[in-house]
Structure formats: structure tokens, C-alpha cells
K.L.:
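Here it is, the structure in full.
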Amino acid sequence: MFLSTLQPSATFEFSRDHGISMEKTAIETELSYLANFNGKDLSVDVTGHYIVLEGVVHSMGDHARALRVAREIVGYDRVLSRIIVVGETAA
């Protein structure tokens with residue numbers, strides 16, 4: 001048997017870690033399918049029990065969309081944003 005039933009804490013730790021990695025993947029996938037969203041400079045990382053969005057987007061709308069996706073998947077209080085919004089400059 002892969003996980004021992006004599007050590008329930010080991011089973012809990014395994015499932016919790018597996019869950020947050022799946023949440024990270026779900027967020028990355030959802031962001032990649034957003035229409036008119038450029039997330040190539042945005043990364044999704046895991047720090048403890050939190051999902052950290054980090055990088056650069058080019059509008060407040062993209063910032064809000066990225067946060068909304070992450071919060072819908074893992075919950076409002078488990079998302080940390082380190083996103084910088086950089087507007088386009090006039091040529």
C-alpha cells in the first residue's frame with residue numbers, strides 16, 4: 001500500500017500538497033484560456049498555503065481578471081498579488 005493507514009497525518013499532508021499543486025495548475029490553465037489577456041509575464045507560485053501571482057500586466061482590467069480567476073479557484077483569502085500594472089506608453 002502506497003500510503004500507510006497507520007499514519008493518517010502522512011495521508012493528510014500528501015493530499016493537501018497535491019491539492020495546492022492542482023490549484024496552481026488550474027489557475028495557470030484558466031489564465032491561459034482568457035480571451036484578450038496577455039499573461040506571458042505573469043507567474044503563479046505556491047508559498048505555504050497561499051497562491052502568489054507575480055509579474056506584469058498591461059491594464060487594471062487584466063490585473064482584476066487574474067485575481068478573480070485565482071480567488072474563484074482557491075478562495076479570496078489565499079491569494080497574494082505581486083502584480084505590477086504597466087500602462088502602454090504613447091509613441
Side-chain angles (χ1 to χ4, degrees):
M1 182 179 228
F2 181 69
L3 295 174
S4 172
T5 56
L6 299 175
Q7 298 176 351
S9 63
T11 303
F12 174 76
E13 288 297 316
F14 173 77
S15 65
R16 183 175 54 91
D17 290 344
H18 179 69
I20 199 154
S21 69
M22 294 302 290
E23 292 168 341
K24 175 185 182 293
T25 301
I27 293 166
E28 291 170 334
T29 302
E30 287 294 323
L31 291 175
S32 73
Y33 283 104
L34 284 178
N36 302 316
F37 178 81
N38 182 357
K40 69 179 178 83
D41 295 325
L42 192 63
S43 67
V44 180
D45 294 310
V46 175
T47 301
H49 299 292
Y50 296 94
I51 294 291
V52 180
L53 301 176
E54 186 170 18
V56 176
V57 295
H58 296 282
S59 73
M60 289 300 293
D62 283 348
H63 179 257
R65 292 170 73 195
L67 282 177
R68 186 182 72 240
V69 165
R71 288 173 175 165
E72 286 178 357
I73 292 172
V74 300
Y76 185 86
D77 59 340
R78 290 187 49 221
V79 178
L80 302 175
S81 174
R82 297 182 71 192
I83 299 174
I84 298 171
V85 179
V86 179
E88 295 178 359
T89 58

K.L.:
Could you tell me the separation between the CG atom of L42 and the NE2 atom of H63, rounded to the nearest 0.5 Å?
P.N.:
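One finds 9.0 Å between CG of L42 and NE2 of H63.
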K.L.:
From I27 CD1 over to D45 CG, what is the distance, rounded to the nearest 0.5 angstrom?
P.N.:
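Those atoms lie 10.5 Å apart.
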K.L.:
Using the side-chain contact (heavy atoms from CB on, under 4.5 Å) rule, pick out the option among V46, T29, I73, V74 that qualifies with K24.
P.N.:
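Between K24 and the candidates, side-chain contact (heavy atoms from CB on, under 4.5 Å) is satisfied uniquely by V46.
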K.L.:
Which residues satisfy the side-chain contact (heavy atoms from CB on, under 4.5 Å) test with L80, sequence neighbours excluded?
P.N.:
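Scan of L80 (side-chain contact (heavy atoms from CB on, under 4.5 Å), adjacent residues dropped) gives Y50, V52.
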K.L.:
For the residue pair V44 and L53, establish whether any side-chain heavy-atom pair is separated by less than 4.5 Å.
P.N.:
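The answer is yes, as the side chains (C-beta and beyond) meet within the 4.5 Å cut-off.
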K.L.:
Considering only heavy atoms from C-beta outward, does the side chain of V69 approach that of R65 to under 4.5 Å?
P.N.:
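Result no, sub-4.5 Å side-chain heavy-atom pair not found.
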K.L.:
How long is the straight-line distance from CG of D41 back to CD1 of I83, given to the nearest 0.5 Å?
P.N.:
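Result: 11.5 Å between the selected atoms.
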K.L.:
Applying a strict under-4.5 Å side-chain criterion to I, L, V, M, F, W and Y, I'd like to know whether Y33 and F37 cluster together.
P.N.:
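Looking at the clustering, F37 is in a separate group from Y33.
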K.L.:
Taking atom CG as the centre, does L34 end up with more than 12 heavy-atom neighbours from other residues, nucleotides or ligands that are less than 6.0 angstrom away?
P.N.:
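For L34, atom CG is crowded (more than 12 foreign heavy atoms under 6.0 Å).
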K.L.:
Could you tell me if the side chain of R78 sits less than 4.5 Å from the side chain of E23, heavy atoms only?
P.N.:
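Counting from C-beta outward, E23 and R78 do come under 4.5 Å.
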K.L.:
Mind checking what makes side-chain contact (heavy atoms from CB on, under 4.5 Å) contact with S59, not counting sequence neighbours?
P.N.:
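Per chain and number, S59 pairs via side-chain contact (heavy atoms from CB on, under 4.5 Å) with D62.
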